[in-house]
Number of protein chains: 2
Amino acid sequence: MKNDLSTEEKIKDAARKVFMTKGFSGCTTREIAKSVGINVALLNYYFRSKGKLFELILEAALTDLIDGMVEVFHQDMTLEDKTRLIIDKEFEFLKKYPEFPLFIHAGLNQESDTEMDLSSFLGRLHTTGIFEQCEKAQAAGKMRKVNMINVTLLFMSNCHFPIMSKKLISGIYQISEEEHENLLIAHQEIVKEMLINYLFPNTNQHA
Amino acid sequence: MKNDLSTEEKIKDAARKVFMTKGFSGCTTREIAKSVGINVALLNYYFRSKGKLFELILEAALTDLIDGMVEVFHQDMTLEDKTRLIIDKEFEFLKKYPEFPLFIHAGLNQESDTEMDLSSFLGRLHTTGIFEQCEKAQAAGKMRKVNMINVTLLFMSNCHFPIMSKKLISGIYQISEEEHENLLIAHQEIVKEMLINYLFPNTNQHA
DNA sequence: ACTTATTTTAAACACTTGTTTAATTATTGA
DNA sequence: TCAATAATTAAACAAGTGTTTAAAATAAGT
């Protein structure tokens, strides 16, 4: 257990890629091992089982998800600017890793046994002071009085779903890969304006 | 091949239930057969293979999805009323079948080989005249000029995602089943007001 | 009744699955 | 250098997979 992370990290990278695109039960340990160029046994030498490896990947993905929010929330900005920034960052990130949202949700639904603990994330969000900032804005009448969980839901719905619904949308409307990309670019602006208009109704004059 | 649909239909019902909760590769043909009380061979006697059965279920689910929209679009109502109605109907339906959205998206992503044809649905939507109604409203300045695909995305994002993200949201915010239900009830109204305010900005005085 | 067709089953097949065991190769530490 | 530890592999294991075959039970047709 020296710092020869090379192989261990390579396995995690490959596992992430395979798990994201195919899901837990949609792939095999041999498939992951092969894509690293190693034996199946070695995979179980580093991580104890397929399930344990999956949990690791899923947990890392969830951490990344929260990290992105925390980073923005922690900055010194108005809520409107934070809104814009977080939507832009989320779209940018998700365009790079389109399988991410579906992986997380399917992953959380898959493991009925292990019931991953997500409680730690709430604390991290609290430390950013975002909740207080919203409370203040709401008290001052600058922000619509909406439960913070609903706010979270609004953001995630409008950022994550457009990415994960690519096959459905482009299938129904018969549009090409390129057209879908343009669709997302337009949608990003729509979402920004809609959410800002809704959450901060006072300052709704858009030049 | 008489009209003794009993067994065939029972298999489809069971398959739908199992596929929805566990996904294609997350379940076995024996599991489905067992839940019907029949042999595995009989399942392949009616449907040729696991994959063929899955396609059937997925296609039926997609048809249901479009059917719901078509039914509302076809009615004689203002766009605002259609908006309200479709959101209410969608939330009502999805609360009954919470696995539905995740199943569809995961299902569409699973089968890279068969590439299900979704083109027929566009025609069905066109026959409702909803696109013309929107065009007219947009020309009259009553509706915001937004591409119809973006409109679709807005609706689906804000209806489907809140349901499919149950585990993630209630995990992060540490809320109970009951609290999550109340969250959804509140969210339904939020989504209605937000979308109407955004799409029909003129009539945004809410009593 | 009895022949034919349909529905259902038990058993087997060939293959894949996650995991383990024991042996081999590389790396380290003194 | 050489023993001890770590990394890696080939092979096997037992269980589970989708699918098929051939036989049995049931229903239908005449």
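Fair warning: this is a prediction, and the values are worked out from it, not measured in the lab. Lettering follows sequence order; numbering is per chain, from 1.
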Q) Using the C1' atoms of the five pairs at each end, what is the angle between the end axes of the helix from C/dA1-D/dT30 to C/dT16-D/dA15, to 10°? A) 10°
To the nearest angstrom, how far is [X] atom [atom1] from [N] atom [atom2]?
X	N	atom1	atom2	answer
B/Phe24	D/dG18	CZ	P	8 Å
A/Leu42	C/dA22	CG	P	18 Å
B/Leu43	D/dT19	CG	P	9 Å

Nearest to the side chain of [X], heavy atoms from C-beta on, is which of [options]?
X	options	value
A/Lys50	D/dT21, C/dT19, D/dT8	C/dT19
A/Thr7	D/dT8, C/dT6, C/dT19	D/dT8
B/Thr28	D/dT17, C/dT8, C/dT21	D/dT17
A/Asn44	D/dT20, C/dT19, C/dT8	C/dT19

Q) Are A/Tyr45 and D/dT8 close enough that a side-chain N or O sits under 4.0 Å from OP1 or OP2? A) no
Q: Ignoring backbone atoms, establish whether A/Tyr46 has a side-chain N or O less than 4.0 Å from OP1 or OP2 of D/dT8.
A: yes
Cut-off 3.5 Å, side chains only: do [X] and [Y] have a donor facing an acceptor?
X	Y	result
A/Lys22	B/Gln110	no
A/Asn158	B/Asn158	yes
B/Glu90	B/His160	yes

Is it true that [X] and [Y] make a salt bridge, defined as a side-chain N closer than 4.0 Å to a carboxylate O?
X	Y	result
B/Arg144	A/Glu193	yes
B/Lys34	B/Glu31	no
A/Lys89	A/Glu92	no
B/Lys166	B/Glu177	yes
B/Arg16	B/Asp13	yes

Q) Listed in order of residue number, which residues of residues 29-40 of chain B have a non-hydrogen atom at under 4.0 Å from DNA chain D? A) B/Thr29, B/Arg30, B/Val40
Q.
Determine whether a donor-acceptor pair (N or O, by modelled atom type, separation under 3.5 Å) exists between the side chain of B/Gln138 and the backbone of B/Val146.
A. yes
